[in-house]
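A quick write-up on the structure given underneath.
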Amino acid sequence: MSLTGTPVVPGIGAGPVVRPGERVQTPSDEPVGDKDATVAAFAAAAQAVAERLTARAAHASGAAAEVLQATAGMAADKGLATFVGKHAATAGPATATTKAVEELAAMFTAAGGLMAERVTDLHDVRDRVVAELLGVPEPGVPEPDEPSVLFADDLAPADTAGLDPARITGIAIRLGGTTSHTAIIARQLGIPCVVGVASLPLEGGATALVDGGTGEVVLDPDPADVAARQAADEARRSAGASWTGPGRTADGHAVQVLANVQDGPGAVVAAAEPVEGFGLYRTELSFLDRSAEPTVDEQAAIYGEVFAAAGAGAKVVVRTLDAGSDKPLKFADMGDEPNPALGVRGLRIADSRPELLDHQLDAIAQAAGRSEADVWVMAPMVAVPSEAAALAEKLHSRGLTAGVMIETPSAALLADRVLEHVDFVSIGTNDLSQYTFAADRMASSLSHLTDPWQPALLVLIERVAQAGQAAGKPVGVCGEAAADPLLACVLAGLGVTSLSCAATAVRSVGAQLSSVTLAQCQEAARGALAAADPQAAREAARAALS
Ligand code: PEP
Ligand code: MG
């Protein structure tokens, strides 16, 4: 039997099916003990959990290490201990932990954005601490002896981060979208992954195959089919390993392949890949923990690290602070908003806090002046051409190349008028799909709508690319869509001139582009645009590109 979900990390995983252990239930008849003893029991259990997660973080790297360390920090957090203390007089340690987490989770959910996303981590901490208190094995993913595939309803970020790609060769998840934590970490670990498999059986099924390229999950597959797909995947991987850039189709049509970065150390790692520069530098991610605006000099030093990593002549597209909604910045807080994703975020913050943008542009200009990188600057969340005009004036007066992100349908529809003011645009497909389909990019239950293969999204991208061609100006894509090798070819066929994605994805994107002609990409684009739905779009593109 074959099931279908959203493919997020290409590759083939096959083997026996394993599933995460059952959640440990807090016993309803847990005795109430001495308050201090309950607080002490919680503290000891939380410390043991934090130490185990920290030890696992030490053996991981990148996003996986960050997630493990953040979950360890949450277990050791004094706030959680305080909430447990409130219940310690009337409940046993496991019950007090569960109640404390319920209260905190309700607060996080009400805060929305990044806080709400952390509720999964909070529940994960609860399950680990309760297991420790009850003296039963920690819940989570088993470590199978033979290469296996993992089926789960959803995975805690700490569980995904701790996966060993030698033992877990593929992941299929019932929930989760292309931008979920599971997807991001699986991509970093290089584990083939399919999310949003609505009918994934949560029991039964001896073996399975996960095809992270097509989104198929085959239950009890034919061994010959497994072998054939594994051989094709091996060929694809070795093409990626030997791809040296620059981004070109087989017949020489240039499409720049760039990496998305967020800080100096990450930029050094990304620069080691065969990229022509960085197509999205998410500057706000360096300042998530700051309560005060960093000075111009400090900002210039931070940006300078990324420019230095890029090297002489390499393109670096700096994005101005994208604060608000899913990336709250304390020093650019706009207060309570009923709907932060539709509120004052990104460039809109400069309306009431113009100094934040001016200081950042001064810092970028300062760092660019000291660097040999080719620095371009763009702003997020631009909705109308007049915003692009005002931004371009500020950038040009500082001698900087000016651009905007196309993340709203309004900017896509009037891309030709936006391009009258700026030197380039870059399409942020993560937000453009959120706003086009009125579907929260974080909501896993809506991931079928925010699928980057949605034909309506592709129609908007085509419109922007055509506007770029008419104006003779570059049009990039820097959302998750650019990390999908097949979709990258469709984007090239639509007329996009650069693709920027996670550094771990650049080789598969570059290798796939180099194996097809521009005419094939254009045919794939036509097929995908005319398709009825994302699945049909993938199939049409695959047929044109094979
Ligand atoms: C996007 O929206 O596609 C994008 C690249 O920006 P971010 O994911 O940082 O919002
Ligand atoms: Mg965005």
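Indexing begins at 1, ligand by ligand and atom by atom, following the structure's order.
- Among heteroatoms of the N, O or S kind in Asp431, OD2 lies nearest the Mg ion (ligand 2).
- Donor-acceptor pairing under 3.5 Å is recorded for the side chains of Ser500 and Asn260.
- Residue Asp322 does not count as close to the Mg ion (ligand 2), with no N, O or S atom under 2.8 Å.
- In this structure, the side chains of Tyr281 and Val377 stay at 4.5 Å or more apart for every pair of heavy atoms.
- The shortest N/O to N/O separation between Arg345 and ligand 1 does not fall below 3.5 Å.
- At least one donor-acceptor pair under 3.5 Å links the side chain of Glu337 to the backbone N or O of Val344.
- For Leu280, every heavy-atom contact with ligand 1 shorter than 4.0 Å involves the side chain, none the backbone.
- Within the listing of ligand 1, atoms 5 (C) sit less than 4.0 angstrom from a heavy atom of Cys478.
- Residue Met405 has at least one heavy-atom neighbour below 4.0 Å for each of these atoms of ligand 1: 4 (C), 5 (C), 6 (O).
- The shortest contact between atom 8 (O) of ligand 1 and any protein heavy atom is with Arg441 NH2, 2.8 Å.
- His359 and Glu293 are linked by a side-chain donor-acceptor pair at a separation below 3.5 angstrom, with hydrogens and angles left out of the test.
- In terms of polar-atom proximity, Glu480 is not counted as a contact of ligand 1, lacking any N or O under 3.5 Å from an N or O of the ligand.
- With atom 1 (C) of ligand 1 as the reference point, the heavy atom nearest to it among Gly428, Ser426, Ser433 is part of Gly428.
- Looking at atom 9 (O) of ligand 1, its nearest protein heavy atom turns out to be Arg282 NE, 2.7 Å.
- A donor-acceptor pair is defined here as one N or O able to donate and one able to accept, closer than 3.5 Å; no such pair exists between the side chain of Glu407 and the backbone of Asp431.
- Side-chain contact check for Glu216 versus Val194: every heavy-atom pair is 4.5 Å or farther apart.
- Atoms of ligand 1 found under 4.0 Å from any heavy atom of Asp431 (numbered from 1 in listed order, with element): 1 (C), 2 (O), 3 (O), 10 (O).
- Listed by atom number, the atoms of ligand 1 under 4.0 Å from Asp322 heavy atoms are 10 (O).
- At a threshold of 4.5 Å between non-hydrogen side-chain atoms, the residues Leu361 and Arg398 count as touching.
- Within Glu407, OE2 is the N, O or S atom that lies nearest to the Mg ion (ligand 2).
- Protein heavy atom nearest atom 6 (O) of ligand 1, with residue, atom name and distance: Arg319 NH1, 3.0 Å.
- At a threshold of 4.0 Å, the pair Glu298-Arg290 counts as salt-bridged, since one of the basic side-chain nitrogens sits closer than that to a carboxylate oxygen.
- Side-chain contact between Arg538 and Thr6 is present, with at least one heavy-atom pair separated by less than 4.5 Å.
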